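This report concerns only the one structure given below.
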There are 2 protein chains.
Amino acid sequence: MNTLAEENYLKSIYHLSISADNVSTNQIAAALNTKASSVTDMLKKLAEKALINYTRYQGVNLTPSGEKIAINIIRKHRLWEYFLVEKLNFKWDQVHDMAEEMEHISSAELIDRLDEFMGHPRHDPHGDPIPDSEGRFKTAELKPVSALMVNQCGIISGVRDHTSPFLQYLEKQQLTIGKKITITDIIEYDHSVALKTDTEKEVHISREVANNLLIAL
Amino acid sequence: MNTLAEENYLKSIYHLSISADNVSTNQIAAALNTKASSVTDMLKKLAEKALINYTRYQGVNLTPSGEKIAINIIRKHRLWEYFLVEKLNFKWDQVHDMAEEMEHISSAELIDRLDEFMGHPRHDPHGDPIPDSEGRFKTAELKPVSALMVNQCGIISGVRDHTSPFLQYLEKQQLTIGKKITITDIIEYDHSVALKTDTEKEVHISREVANNLLIAL
DNA sequence: TGCAAAATTTAGATTAGTCTAAATTTTTTA
DNA sequence: TAAAAAATTTAGACTAATCTAAATTTTGCA
């Protein structure tokens with residue numbers, strides 16, 4: 001198997017690959033809170049193991065086997081997050097660090113049984129899709145609230161920012177996964193958005209929040 | 001916090017301390033499948049951290065803070081084993097290696113909630129007591145079946161051997177935790193034991209099995 | 001298009017944990 | 001009770017992962 005460090009690199013490369021074809025050394029260093037020189041060393045090792053395609057100075061991308069490993073770690077992370085929230089009653093802003101440790105538990109049998117125990121959930125507490133045991137999953141077409149127009153409505157289905165402060169703020173405003181919202185006004189001046197929930201609650205959110213809150217139409 | 005290696009050393013020292021006051025370098029090396037020289041190095045580090053009392057050539061024992069850490073790891077191990085058997089339907093002979101990884105998940109809050117989720121179980125699937133969040137637990141006074149006399153009865157409450165083959169054998173003979181048994185005969189020649197379960201099933205076990213099967217009277 | 005800035009890699013160290021082989025201490029036993 | 005055997009420690013080396021500082025390559029913009 002792979003070391004903990006290797007797994008974390010693969011996971012980071014996977015996440016960074018979403019928005020770019022090739023991932024740079026510095027991007028990885030920033031994501032993992034480490035130095036570029038350390039990243040270079042590890043990239044050589046991962047390339048040696050054929051988990052990434054790496055050309056000096058040109059950035060990297062995952063090979064199919066590297067991607068498979070990355071997706072499996074993400075599957076484990078999201079299933080454990082679901083477990084922590086649904087079974088152990090943690091809040092959605094509390095579970096990330098714990099899942100960060102638990103995602104490295106190796107047994108595939110364990111994770112498949114956990115999946116079954118929870119009824120094969122499709123999404124983690126933040127709305128991110130949970131890959132199945134074959135690594136398959138579909139990313140829903142989500143839009144930020146900031147992309148909607150007045151009177152449009154949709155269901156809160158994901159977040160772009162997974163940090164505690166943001167999640168706690170959403171929780172306080174009752175803007176949680178599954179809630180239906182309707183845009184009531186868009187303030188030209190600062191691009192902030194007024195909206196109401198299905199319980200007729202009126203909420204006013206900043207442009208930044210509207211950008212990080214994702215909607216399924 | 002402590003590293004994974006440190007935690008494993010403390011746990012091993014704790015387990016070995018049950019049957020001896022001081023634990024030797026070689027005993028630890030055998031338990032951890034490593035070399036005596038590696039153990040010496042680690043003992044110096046643990047002594048430096050005041051987790052063990054160590055005098056060169058004289059073996060070691062845990063300090064109160066070392067013992068506290070060891071018991072906490074054992075608590076986590078046993079709670080996860082219980083989870084795996086009771087919630088994920090693993091057999092009692094399948095869970096050791098998984099729990100060996102899971103015992104290093106650090107969050108105390110997580111383990112306390114897991115404990116609560118499962119209704120504060122007192123014993124793991126092998127009958128071993130689960131320490132509470134303060135590290136308290138009582139070891140029941142258990143006797144090996146080999147210490148009983150004909151017509152004595154008792155409840156199967158623990159095992160001395162935790163290996164898969166032994167546990168699988170017991171399972172096949174329906175000699176599992178909680179079963180009530182009565183000694184029907186003791187064969188002088190080889191010290192093997194005949195017994196019957198509460199379902200009137202007759203079983204004949206070797207001296208070795210009788211030694212490793214523990215009973216509460 | 002050529003040079004400065006930014007990004008990346010290399011070189012050389014460091015730390016944790018491990019190992020083998022040699023040296024030392026303790027224990028056993030003749 | 002002294003030598004042999006066993007246990008333990010020390011010395012020196014190795015691997016994984018990291019770091020800083022210096023060297024190299026790429027990029028971008030004047």
Side-chain angles (χ1 to χ4, degrees), chain A residues 1-17 19-62 66 69-70 73 100-101 103-104 106, chain B residues 1-17 19-62 66 69-70 73 100-101 103-104 106:
Chain A
M1 253 301 103
N2 307 287
T3 66
L4 195 135
E6 286 169 352
E7 290 192 349
N8 284 331
Y9 273 86
L10 292 174
K11 184 180 54 150
S12 280
I13 294 167
Y14 180 87
H15 284 311
L16 293 167
S17 298
S19 43
D21 224 41
N22 256 30
V23 178
S24 77
T25 301
N26 266 0
Q27 281 180 292
I28 300 168
L32 290 173
N33 233 294
T34 186
K35 302 295 170 182
S37 56
S38 309
V39 174
T40 300
D41 286 347
M42 182 59 94
L43 295 184
K44 287 179 191 162
K45 195 190 305 182
L46 293 173
E48 191 64 39
K49 288 187 164 195
L51 300 175
I52 60 173
N53 301 117
Y54 171 52
T55 321
R56 269 157 87 254
Y57 294 103
Q58 303 305 309
V60 296
N61 54 64
L62 294 173
I69 293 168
I73 295 162
E100 207 73 359
E101 288 184 60
E103 73 192 7
H104 300 289
S106 59
Chain B
M1 251 301 102
N2 307 287
T3 67
L4 195 137
E6 285 169 352
E7 290 193 347
N8 283 332
Y9 273 87
L10 292 174
K11 184 179 54 149
S12 281
I13 294 167
Y14 180 87
H15 284 310
L16 293 167
S17 297
S19 45
D21 225 41
N22 255 30
V23 179
S24 77
T25 301
N26 266 0
Q27 280 180 292
I28 300 168
L32 289 172
N33 233 295
T34 186
K35 302 296 170 180
S37 56
S38 308
V39 174
T40 300
D41 286 346
M42 182 59 93
L43 295 185
K44 287 178 191 164
K45 195 190 303 182
L46 294 173
E48 191 64 39
K49 288 188 164 194
L51 300 175
I52 59 173
N53 301 117
Y54 171 52
T55 322
R56 269 159 83 254
Y57 294 105
Q58 303 304 309
V60 296
N61 54 64
L62 294 172
I69 293 168
I73 295 161
E100 206 73 0
E101 288 184 61
E103 73 192 7
H104 300 290
S106 58

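Computed from a prediction, not measured in an experiment: that's the story for all the values here. The chains referred to below are lettered A, B, ... by the order of the sequence lines, with proteins before strands, and numbering in each begins at 1.
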Please identify which of these residues, B:Asn53, B:Ile28, B:Leu46, meets the side chain to side chain contact (heavy atoms under 4.5 Å, CB included) condition with B:Val60.
B:Ile28
Backbone N or O of A:Ser106 within a donor-acceptor pair of the B:Glu101 side chain at under 3.5 Å?
yes
Assign each of A:Ala36 and B:Gln27 to its nearest nucleotide of DNA chain D by heavy atoms, then name whichever residue's nucleotide is nearer the 5' end.
B:Gln27
[N] phosphate, OP1 or OP2: any side-chain N/O from [X] under 4.0 angstrom?
X: A:Asn26; N: C:dT8; result: yes
X: B:Ser24; N: D:dA7; result: no
X: A:Thr25; N: C:dT9; result: yes
X: B:Lys35; N: C:dA21; result: no
X: A:Tyr57; N: C:dA6; result: no
X: A:Arg56; N: C:dT10; result: yes
X: B:Tyr54; N: D:dT9; result: yes
X: B:Lys44; N: D:dT9; result: no
X: A:Tyr9; N: D:dA16; result: no

Tell me what A:Ser38 touches on the nucleic acid: a base, only sugar-phosphate, or nothing, going by heavy atoms under 4.0 Å.
base
Please classify the nucleic acid contact of B:Ala5 as base, sugar-phosphate, or nothing, using heavy-atom distances under 4.0 Å.
sugar-phosphate
Starting at [atom1] of [X] and ending at [atom2] of [N], how long is that distance when rounded to a whole Å?
X: B:Asn2; N: C:dT15; atom1: CG; atom2: C1'; result: 16 Å
X: A:Ile28; N: C:dT9; atom1: CD1; atom2: P; result: 9 Å
X: B:Asp41; N: D:dA11; atom1: CG; atom2: P; result: 11 Å

Is there, by distance only and without an angle test, a donor paired with an acceptor across the side chain of A:Ser37 and the base of C:dT8 below 3.5 Å?
no
Closest heavy-atom pair, A:Gln27 versus A:Asn22, reported as atoms and distance to 0.1 Å, is OE1-O, 4.1 Å
